[in-house]
Enquirer: 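Below is one structure. I have some questions about it.
First the proteins, then the strands, lettered A, B, ... as listed; each starts at 1.
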Amino acid sequence: MVFQTVALMTRARGPDEFWRKRRIFRLSSHFRGRFRNCYSMAIRAVHRSLQFATKGRDAKYDIIRQIWMNRIDSAAMEHGLTYKAVKEGLTRSEIHLNHKSLADLAVWEPRTFKSLVNIAHERVKQDGLRIMGYLKAPARVLSKGK
Amino acid sequence: MACSNFSRLLQLGARACTSTIASNTIARQSPLVPKLWDLNVRYYRKMKGVPRHLPWFPPKPPATPDYQSEVVDQSEENEKLITEVSKEINKQIAEDKTGRLFAIVHVAGKQFKVTVSDIIIIRGYWPPNIGDQIKLEKVLLLGSKDFTLVGRPILNRELVSIDATVIEKTLSNTITHFRFRKRKQYRRIHFYKYQHTYVRINSITLNGEVNKKLEVEGLDRVY
């Protein structure tokens, strides 16, 4: 006879203990020492690692963005401009390439990137911005067509 | 800056102390009265052998005001140069010597650098289904062996056409979102997957000529 009283319901702890622990051990299988096989330690480590994974997914993009910015900056410095000037010049000329594309161009298409830098330089010079710094004059930039 | 502020502070302090005696005896804060800092700078500037700038920063070239420089009208020359360049580009297009083209396209909120036979993965909800032939129209930049066309912000729809096919729609791997507060009995776990759409770039072609003014435009689509 089954007594389905409230007191007994509170003791129902979900699935079988073995399988409940098994789920955690699957995640902790690559941990070190007793964090792998002792449940009370494993579950703490798994919680920690899942939190790191959740937070790291967002933080990863900050780092990737920094890498893109560094790549653009160093490629622009080859032509005497800084990242800030390039971005400002391109935005003012309504060229809305994002960090990812600019970094891609800087690495794989250096000639295209150079022409973009020249456009940015011309624009920055034309608008008389101070971020230009000490620079050589670029080749003549003309804009035409659509 | 800090020093000038400090001298101002001293002045204020002195004025506060002596305000009971006579306020007019102390020089007021005005541009006519040189400050302690300015006097020092002047003194150092008159001295010989004092470097004017840091050795690793070259001195600024004197700025020539615009009203002193002669403006040369280069419009004719520019026009000539533009004609020459676009002629050269058109020649390459006509002779099919552009080489393998690449482009930067804006699809579903992200930019991709693509070339022919590339596969791009679009993340998140995106309506096209498997087998759909689509034309990517937001082309920000098109590059070739010898020239680059830069859109401001996008190139003309009729000038460049990028054809693509949707080849697969799947889901990403399972992503675990776990939030946890220790000692607060707070624990939330969610699992989710993104939609992934695989798009194959079939062709990137340049239609018509660069820098050519058409009489009528926008007839490729009628709403």
Enquirer: Ignoring hydrogens, what is the shortest heavy-atom contact between Pro153(B) and His96(A)? Give both atom names and the distance.
Expert: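 Nearest pair, atom of Pro153(B) first, then His96(A): CB-CD2, 3.4 Å.
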
Enquirer: Name the option with the most non-hydrogen atom pairs under 4.5 Å to chain B; the candidates are Asn98(A), Thr112(A), Asp104(A).
Expert: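 If we count pairs closer than 4.5 Å to chain B, Asn98(A) comes out on top.
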
Enquirer: Under the 6.0 Å and 45° cation-pi test, does Lys55(A) pair with Phe178(B)?
Expert: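 Checked: cation-pi criterion not met.
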
Enquirer: Based on non-hydrogen pairs under 4.5 Å, which of Arg48(A), Arg57(A), Arg111(A) is most in contact with chain B?
Expert: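 Top count of heavy-atom pairs under 4.5 Å with chain B: Arg57(A).
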
Enquirer: Is there a donor-acceptor contact under 3.5 Å from the side chain of Lys100(A) to the main chain of Gln111(B)?
Expert: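 Such a contact is found between Lys100(A) side chain and Gln111(B) backbone.
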
Enquirer: Who wins among Ser93(A), Ala53(A), Ser115(A) for the most heavy-atom pairs under 4.5 Å with chain B?
Expert: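 The option with the most such pairs is Ser93(A).
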
Enquirer: So, taking the atom named CD1 in Ile154(B) and the one named CD1 in Ile95(A), what distance separates them when rounded to the nearest 0.5 Å?
Expert: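 One gets 13.5 Å once the value is rounded to the nearest 0.5 Å.
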
Enquirer: When you look at OH of Tyr186(B), are more than 12 heavy atoms from neighbouring residues, nucleotides or ligands closer to it than 6.0 Å?
Expert: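 For Tyr186(B), atom OH is crowded (more than 12 foreign heavy atoms under 6.0 Å).
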
Enquirer: Which distance, rounded to the nearest 0.5 Å, do you find between the CZ of Arg152(B) and the CD1 of Ile119(A)?
Expert: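 That separation rounds to 8.0 Å.
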
Enquirer: Tell me, out of Leu116(A), Leu105(A), Leu90(A), who's got the most heavy-atom pairs with chain B below 4.5 Å.
Expert: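 Of the options given, most contacts go to Leu105(A).
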
Enquirer: For residues 87-110 of chain B, give me every residue with a non-hydrogen atom less than 4.5 Å from any non-hydrogen atom of chain A.
Expert: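 Near chain A, by residue number: Phe102(B), Ile104(B).
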
Enquirer: Can you confirm whether more than 12 heavy atoms, excluding those of Arg22(A), are under 6.0 Å from its CZ atom?
Expert: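 No, the 6.0 Å shell around CZ holds no more than 12 heavy atoms from other groups.
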
Enquirer: Should we count CZ of Arg71(A) as having more than 12 external heavy atoms under 6.0 Å?
Expert: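 Atom CZ in Arg71(A) is not crowded, with 12 or fewer foreign heavy atoms closer than 6.0 Å.
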
Enquirer: Non-hydrogen atoms of chain A under 4.5 Å away: do they reach the side chain of Arg187(B), the backbone, both or neither?
Expert: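 Just its side chain gets close to chain A.
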
Enquirer: Let me confirm one number: the CZ-CD distance from Arg179(B) to Gln51(A), rounded to the nearest 0.5 Å.
Expert: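 That separation rounds to 11.0 Å.
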
Enquirer: Just wondering, more than 12 heavy atoms not from Tyr192(B) lying within 6.0 Å of its OH?
Expert: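 Correct, the count exceeds 12.
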
Enquirer: Kindly indicate, with the supporting measurements, whether the criterion side-chain contact (heavy atoms from CB on, under 4.5 Å) is fulfilled by Lys113(B) and Ser101(A).
Expert: CA-CA 7 Å; Lys113(B) 178 173 169 288; Ser101(A) 332; over 6 Å; no

Enquirer: Does anything in residues 130-150 of chain B get under 4.5 Å of chain A by heavy atoms, and if so which residues?
Expert: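 Within residues 130-150 of chain B, the residues under 4.5 Å from chain A are Leu140(B), Leu141(B), Lys145(B), Asp146(B), Thr148(B), Val150(B).
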
